[in-house]
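Data first, discussion second: the structure below is written as structure tokens.
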There are 2 protein chains.
Amino acid sequence: MITTSFTEENYLKAIFHLSPQEAEAVSTNAIAEALQTKAASVTDMLKKLADKNLINYVKYQGVTLTHNGRQAAIGIIRKHRLWEVFLVDKLNFKWDEVHELAEDLEHINSAKLIDSLEAFLGFPKVDPHGDPIPDKNGVLKEPILVPVSKMNINQTGIISGVKEHSTLFLNYLEKTGLVLGKRVKVQDLIEFDGSVIIALDKQVLTISRDVAKNILIAV
Amino acid sequence: MITTSFTEENYLKAIFHLSPQEAEAVSTNAIAEALQTKAASVTDMLKKLADKNLINYVKYQGVTLTHNGRQAAIGIIRKHRLWEVFLVDKLNFKWDEVHELAEDLEHINSAKLIDSLEAFLGFPKVDPHGDPIPDKNGVLKEPILVPVSKMNINQTGIISGVKEHSTLFLNYLEKTGLVLGKRVKVQDLIEFDGSVIIALDKQVLTISRDVAKNILIAV
DNA sequence: TTTATTTTTTAGGCTAACCTAAAAAAATTA
DNA sequence: TAATTTTTTTAGGTTAGCCTAAAAAATAAA
Ligand SMILES: [Mn+2]
Ligand SMILES: [Mn+2]
Ligand SMILES: [Mn+2]
Ligand SMILES: [Mn+2]
């Protein structure tokens with residue numbers, strides 16, 4: 001078994017999130033940006049991860065995850081999301097309070113712990129933000145969700161996920177009633193600034209392009 | 001607020017455990033032994049902890065915890081023991097499987113998390129090994145327990161704690177039925193090798209000096 | 001296709017936490 | 001008290017993960 005450090009795990013997770021369908025290579029700068037570090041530091045780490053066969057790295061051409069790297073990343077994401085469910089379902093945290101804590105808890109390394117936790121939580125399928133939880137074999141099925149910004153006029157759907165996990169954003173959603181499970185209908189798209197006018201149960205409200213891009217809908 | 005690293009926290013906890021009633025100074029070598037490291041490394045760290053006002057350190061004279069250091073240590077012990085209760089009560093771990101995992105979990109830093117966990121667990125007073133859990137204000141009341149090795153012939157009492165947390169030891173206790181809550185009576189003390197003959201419900205068994213020293217009794 | 005800009009890598013340094021070997025102080029023994 | 005042993009500290013090095021500044025490669029603009 002390859003053993004990975006706290007820092008290495010964060011790099012793997014960042015690379016995973018930056019290449020969702022593993023479509024194309026992730027750039028050094030993109031990783032630096034995501035991890036709030038410097039490009040030179042990223043290059044150092046990429047060499048190390050390549051030595052461990054966790055990424056495919058060719059100088060100046062960015063990186064992709066190897067099979068091992070991808071499985072490692074999915075394992076960390078599994079832990080992250082299960083801990084988030086625990087915090088919300090069992091300890092009464094709000095969905096906007098759990099992300100930072102899960103960033104630490106995800107590095108606790110015990111298969112028995114995480115499998116027991118999963119059972120204790122009743123094998124949840126998604127985390128508090130609607131993100132799918134990989135199973136213990138590392139199988140992750142991404143649901144097909146579209147951001148509000150890509151919906152058409154008069155199209156309806158259920159809020160089923162968010163792209164952004166910050167407290168600031170989730171708090172705003174909470175306050176405006178844009179929570180998971182809510183049915184929304186697009187009434188109008190303002191071409192000028194990309195904002196969207198949506199209808200909920202009773203009310204109608206306008207959200208900015210930035211907000212519309214980060215709310216995910218099952219249509 | 002003073003922020004402490006993973007490693008610093010382990011040093012503080014080790015010093016705390018080595019000077020229970022803060023009676024006397026803890027030696028460099030004792031700390032090295034407890035943390036499986038070298039005396040030279042300990043000296044390095046002692047200087048750092050002294051700079052942070054967490055210990056009183058005089059060259060060649062060992063260390064004691066300051067008020068801050070003691071409170072920090074108790075905070076970590078609180079987390080350690082609450083996580084152990086969680087693992088046993090909620091995730092069905094055995095009492096001999098939780099210590100190592102708690103060594104990691106105790107460094108997760110969130111007052112809200114640990115206070116919520118405590119409430120979720122129903123404010124337990126002791127952990128799975130009978131050790132008392134400090135309250136959120138850092139008050140820790142040690143029960144008065146005596147090791148079997150210090151009991152007199154015909155004296156009885158209830159097994160209420162263990163000094164050693166290793167899987168090997170706890171497993172042995174489990175197998176011989178020497179678990180928390182069990183009533184025991186000392187039948188005989190063998191002066192030759194310090195072993196002790198004890199009576200349980202039905203059976204009578206002999207335990208070695210080493211075992212007798214590590215089982216704690218409320219008399 | 002040269003020139004300029006951007007991205008990435010290399011070079012050289014820093015800090016935390018460790019190590020071994022040697023020096024210094026304290027404690028023991030003779 | 002002097003000699004020996006044990007404990008502790010200092011000196012000097014290592015590694016992981018980070019940094020800045022400079023060099024090299026890739027990309028875009030002229
Ligand atoms: Mn999250
Ligand atoms: Mn989440
Ligand atoms: Mn323990
Ligand atoms: Mn315990």
Side-chain angles (χ1 to χ4, degrees), chain A residues 1-15 18-19 23-65 69 72-73 76 103-104 106-109, chain B residues 1-15 18-19 23-65 69 72-73 76 103-104 106-109:
Chain A
M1 234 263 125
I2 329 108
T3 152
T4 46
S5 73
F6 186 100
T7 308
E8 288 167 342
E9 292 184 353
N10 283 337
Y11 273 85
L12 292 174
K13 199 166 51 112
I15 295 165
L18 287 168
S19 62
E24 59 201 301
V26 176
S27 76
T28 301
N29 263 357
I31 298 168
E33 159 83 36
L35 294 177
Q36 299 273 64
T37 182
K38 295 299 151 79
S41 307
V42 173
T43 301
D44 281 353
M45 181 58 85
L46 295 184
K47 288 176 188 164
K48 206 157 51 116
L49 293 175
D51 285 348
K52 289 190 170 189
N53 281 307
L54 294 167
I55 61 172
N56 306 113
Y57 171 51
V58 185
K59 260 195 200 177
Y60 293 104
Q61 282 171 229
V63 296
T64 55
L65 293 171
I76 300 153
E103 288 292 319
D104 289 339
E106 71 189 5
H107 302 290
I108 297 289
N109 204 5
Chain B
M1 235 260 125
I2 327 107
T3 153
T4 47
S5 73
F6 186 99
T7 308
E8 288 168 343
E9 292 183 355
N10 283 337
Y11 272 85
L12 292 174
K13 199 166 53 112
I15 295 166
L18 288 168
S19 63
E24 59 200 302
V26 176
S27 77
T28 300
N29 263 355
I31 297 168
E33 159 85 36
L35 294 177
Q36 299 272 65
T37 183
K38 295 298 151 78
S41 307
V42 174
T43 301
D44 280 354
M45 181 58 87
L46 295 184
K47 288 176 187 164
K48 205 157 52 117
L49 293 174
D51 284 347
K52 289 190 173 190
N53 282 306
L54 293 168
I55 61 172
N56 305 113
Y57 171 52
V58 184
K59 258 194 201 179
Y60 293 103
Q61 281 170 231
V63 296
T64 55
L65 293 171
I76 300 152
E103 287 292 319
D104 289 338
E106 72 189 4
H107 302 289
I108 297 288
N109 204 5

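We name chains A, B, ... by the order of the sequence lines, and we start the count at 1 in each one.
Only at 4.0 angstrom or more do the heavy atoms of residues 3-15 of chain A sit from any atom of DNA chain C, so none qualifies.
For Asn56(B), the side-chain hydrogen bond (donor to acceptor under 3.5 Å, both in side chains) partners are Thr64(B), not counting sequence neighbours. For Lys59(B), the side chain to side chain contact (heavy atoms under 4.5 Å, CB included) test picks out Tyr57(B), with sequence neighbours left out. Under the rule for a ring pair (Phe, Tyr, Trp, His ring centres under 6.0 Å), Tyr60(B) has no partner lying at least two apart in sequence or in another chain. When the side chain to side chain contact (heavy atoms under 4.5 Å, CB included) test is applied to Asp44(A), no partner is found at least two apart in sequence or on another chain. By the side chain to side chain contact (heavy atoms under 4.5 Å, CB included) test, Asn109(B) pairs with Lys79(B), sequence neighbours left out.
Identified under the salt bridge (Lys or Arg N to Asp or Glu O under 4.0 Å) test for residues 1-11 of chain B, with sequence neighbours left out: Glu8(B)-Lys48(B), Glu8(B)-Lys52(B).
Following rounding to the nearest Å, Lys52(B) (NZ) and dT15(C) (P) show an atom-to-atom distance of 15 Å. As a whole-Å value, the separation of Tyr60(A) OH from dA26(D) P is 7 Å. One interatomic measurement links the two molecules: CE of Met45(A) to C1' of dT15(D), which rounds to 12 Å at whole-angstrom precision. Between the CD1 atom of Ile31(B) and the P atom of dT8(D) there is a distance of 9 Å, rounded to whole Å. As a whole-Å value, the separation of Gln61(A) CD from dT27(D) C1' is 13 Å. Across the protein-nucleic acid pair, Gln36(A) atom CD and dC19(D) atom C1' stand 15 Å apart, rounded to whole Å.
Dashed line: the shortest gap from a side-chain N or O of Thr37(B) to OP1 or OP2 of dC18(C) is not under 4.0 Å. Between Ser27(A) and the phosphate of dT7(C), there is no side-chain N or O to OP1/OP2 separation shorter than 4.0 Å. OP1 or OP2 of dT8(C) sits under 4.0 Å from a side-chain N or O of Asn29(A).
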Which pairs would a plain distance check flag for residues 23-40 of chain A, meaning a side-chain donor or acceptor within less than 3.5 Å of a matching protein atom at least two apart in sequence or in another chain?
from     : atom 1 : to       : atom 2 : distance (Å)
Ser27(A) : OG     : Ala30(A) : N      : 3.1

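Heavy-atom minimum distance, Ala50(B) versus Ile55(B): N-CG1, 3.6 Å. Between Leu65(A) and Ala73(A), the closest heavy-atom pair is CD1-CB, 4.4 Å.
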Can you name the atoms? Protein N/O to nucleotides 10-14 of chain D N/O, anything below 3.5 Å, with the distance.
from    : atom 1 : to       : atom 2 : distance (Å)
dT10(D) : OP1    : Lys59(B) : NZ     : 2.6
dT10(D) : OP2    : Lys47(B) : NZ     : 2.8

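The listed nucleotides are dT20(D), dT20(C), dT8(D); the one nearest the side chain of Lys38(A) is dT20(D).
Backbone-only contact: Thr28(B) has heavy atoms under 4.0 Å from sugar-phosphate atoms and none from a base.
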